[in-house]
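All remarks here apply to the structure that follows.
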Amino acid sequence: MNHHTRIRLSAAAAIAACALSLTACNSGSTVTDKPKAKASTPAGKTGGEKPAAKKSAAPDVAKVGDTIALKGTDDGSKLDVTVVKVVDPAKGADEFTTPESGKRFVGVQFRLVNTGSIAYNDSPSNGAQLADKDGQQFESTFGDISAGPSMSSEVKLKPGAKALGWIVFEVPKASKVSVVQFGMDSGFAEQTGEWKLS
């Protein structure tokens with residue numbers, strides 16, 4: 001029985017080691033640009049005794065009006081993304097554009113500036129997501145709102161060019177929206193920007 005217990009423990013240790021190595025490989029390839037930002041936050045908190053050390057971490061939490069520099073999957077693919085405004089609740093652009101019963105529209109106006117060396121070609125709404133305080137996440141929906149023109153479904157920007165438009169989300173009336181996220185390459189890029197809304 002002792003022999004079987006050792007074999008089970010050895011097998012469990014081997015499985016755990018394999019799982020750890022797989023996790024390390026995956027986290028290294030998918031979190032390439034984030035560790036530097038996250039690593040500087042704990043260093044600032046532990047290295048400084050002043051309240052200012054905690055305040056220096058505040059820029060890590062972008063809010064409406066802030067710009068986040070993002071990288072795409074291709075070399076030279078970069079965007080400065082700004083959440084310009086948020087309208088909650090948002091009204092449909094006409095009497096036919098209405099949310100489903102029990103839901104409301106939330107509009108987020110994004111400004112995209114191609115800061116890379118290659119053209120940006122994507123559908124920005126595919127990479128946008130809204131989350132509420134309970135952690136429920138909502139994809140963008142098709143629909144124009146009265147606040148202004150929607151973001152084009154196909155944006156092509158040469159280096160230095162800009163795009164501005166609203167991305168619309170449909171959320172339950174009771175949901176308290178908390179954050180909006182944006183990722184390049186229809187959300188498949190390794191970096192995702194996040195702005196706190198409340």
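All values below were derived from every heavy atom in this structure, side-chain atoms included, with hydrogens, water molecules and symmetry-related copies excluded. Keep in mind that this is a model prediction, so the values were computed, not measured. Numbers here simply count residues along the sequence, with the first being 1.
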Task: Pairs meeting criterion side chain to side chain donor-acceptor pair (under 3.5 Å) with involvement of residues 169-180, two or more places apart - done: D132-S175
- [ ] Could you walk me through whether Q129 and V180 pass the side-chain contact (heavy atoms from CB on, under 4.5 Å) test, one step at a time?
- [x] CA-CA 6 Å; Q129 204 170 41; V180 66; over 6 Å; no
Open item on the list: If hydrophobic clusters are built from ILVMFWY residues whose side chains come within less than 4.5 Å, do M151 and V113 share one?
Closed with: no
Task: Side chains of V155 and N121 in contact at under 4.5 Å (non-hydrogen atoms) - done: no
Open item on the list: Are W166 and F138 linked, directly or through intermediate hydrophobic residues, by side-chain heavy-atom contacts shorter than 4.5 Å (ILVMFWY only)?
Closed with: no
TODO: Could you check if a side-chain atom of L112 sits within less than 4.5 angstrom of a side-chain atom of L157, using non-hydrogen atoms only?
DONE: yes
Open item on the list: Do T141 and F169 make a side-chain contact, defined as non-hydrogen atoms from C-beta onward lying under 4.5 Å apart?
Closed with: no
Open item on the list: Are more than 12 heavy atoms, taken from residues, nucleotides or ligands other than K103, located less than 6.0 Å from that residue's NZ atom?
Closed with: yes
Task: Set of residues satisfying ring-ring contact (aromatic ring centres under 6.0 Å, His included) with respect to F110, sequence neighbours excluded - done: F182
Task: Donor-acceptor contact below 3.5 Å, side chain T73 vs main chain A189 - done: no
TODO: Indicate the atoms forming the closest heavy-atom contact of S140 with S125, along with that distance.
DONE: OG-O, 2.9 Å
TODO: Report the C-alpha distance between V83 and T67 in whole Å, list the side-chain angles of each, state the deciding distance to 0.1 Å, and finish with yes or no for side-chain contact (heavy atoms from CB on, under 4.5 Å).
DONE: CA-CA 7 Å; V83 170; T67 301; over 6 Å; no
Open item on the list: Between V64 and V168, is there shared hydrophobic-cluster membership here, with clusters defined by ILVMFWY side-chain heavy atoms closer than 4.5 Å?
Closed with: no
Task: Backbone N/O of G116 and side chain of N114: donor-acceptor pair under 3.5 Å - done: yes
TODO: Check whether any side-chain heavy atom of K71 lies under 4.5 Å from a side-chain heavy atom of E190, and answer yes or no.
DONE: no
Open item on the list: Donor-acceptor check, side chain of S123 to backbone of E154, threshold 3.5 angstrom: yes or no?
Closed with: no
Task: V177 side chain reached by R104 side chain, heavy atoms, under 4.5 Å - done: yes
Task: side-chain contact (heavy atoms from CB on, under 4.5 Å) between F105 and D88, worked out - done: CA-CA 7 Å; F105 287 142; D88 181 12; over 6 Å; no
- [ ] Supply the atom-to-atom distance T97 OG1 to D144 CG, rounded to the nearest 0.5 angstrom.
- [x] 6.5 Å
TODO: Decide yes or no for L130 and L197: does some side-chain heavy atom of the first lie under 4.5 Å from some side-chain heavy atom of the second?
DONE: yes
Open item on the list: Applying a strict under-4.5 Å side-chain criterion to I, L, V, M, F, W and Y, I'd like to know whether V108 and L70 cluster together.
Closed with: yes
Task: Rounded distance (nearest 0.5 Å) linking atom CD1 of I167 with atom CD of E139 - done: 11.5 Å
Task: D94 side chain vs F96 backbone, donor-acceptor pair below 3.5 Å - done: yes
TODO: Walk me through it: do W195 and I68 pass the test side-chain contact (heavy atoms from CB on, under 4.5 Å)?
DONE: CA-CA 9 Å; W195 291 260; I68 297 177; 3.6 Å; yes
TODO: Determine, for K196 against E194, whether the closest basic-nitrogen to carboxylate-oxygen distance falls under 4.0 angstrom.
DONE: no
- [ ] Could you grab the distance from atom CG of D75 to atom NZ of K78, nearest 0.5 Å is fine?
- [x] 9.5 Å
TODO: Taking the side chain as every heavy atom from C-beta outward, state whether Y120 and P159 have any pair of such atoms under 4.5 Å apart.
DONE: no
TODO: To the nearest 0.5 Å, tell me how far R111 CZ sits from L79 CG.
DONE: 13.0 Å
- [ ] Check whether any side-chain heavy atom of S77 lies under 4.5 Å from a side-chain heavy atom of M184, and answer yes or no.
- [x] yes
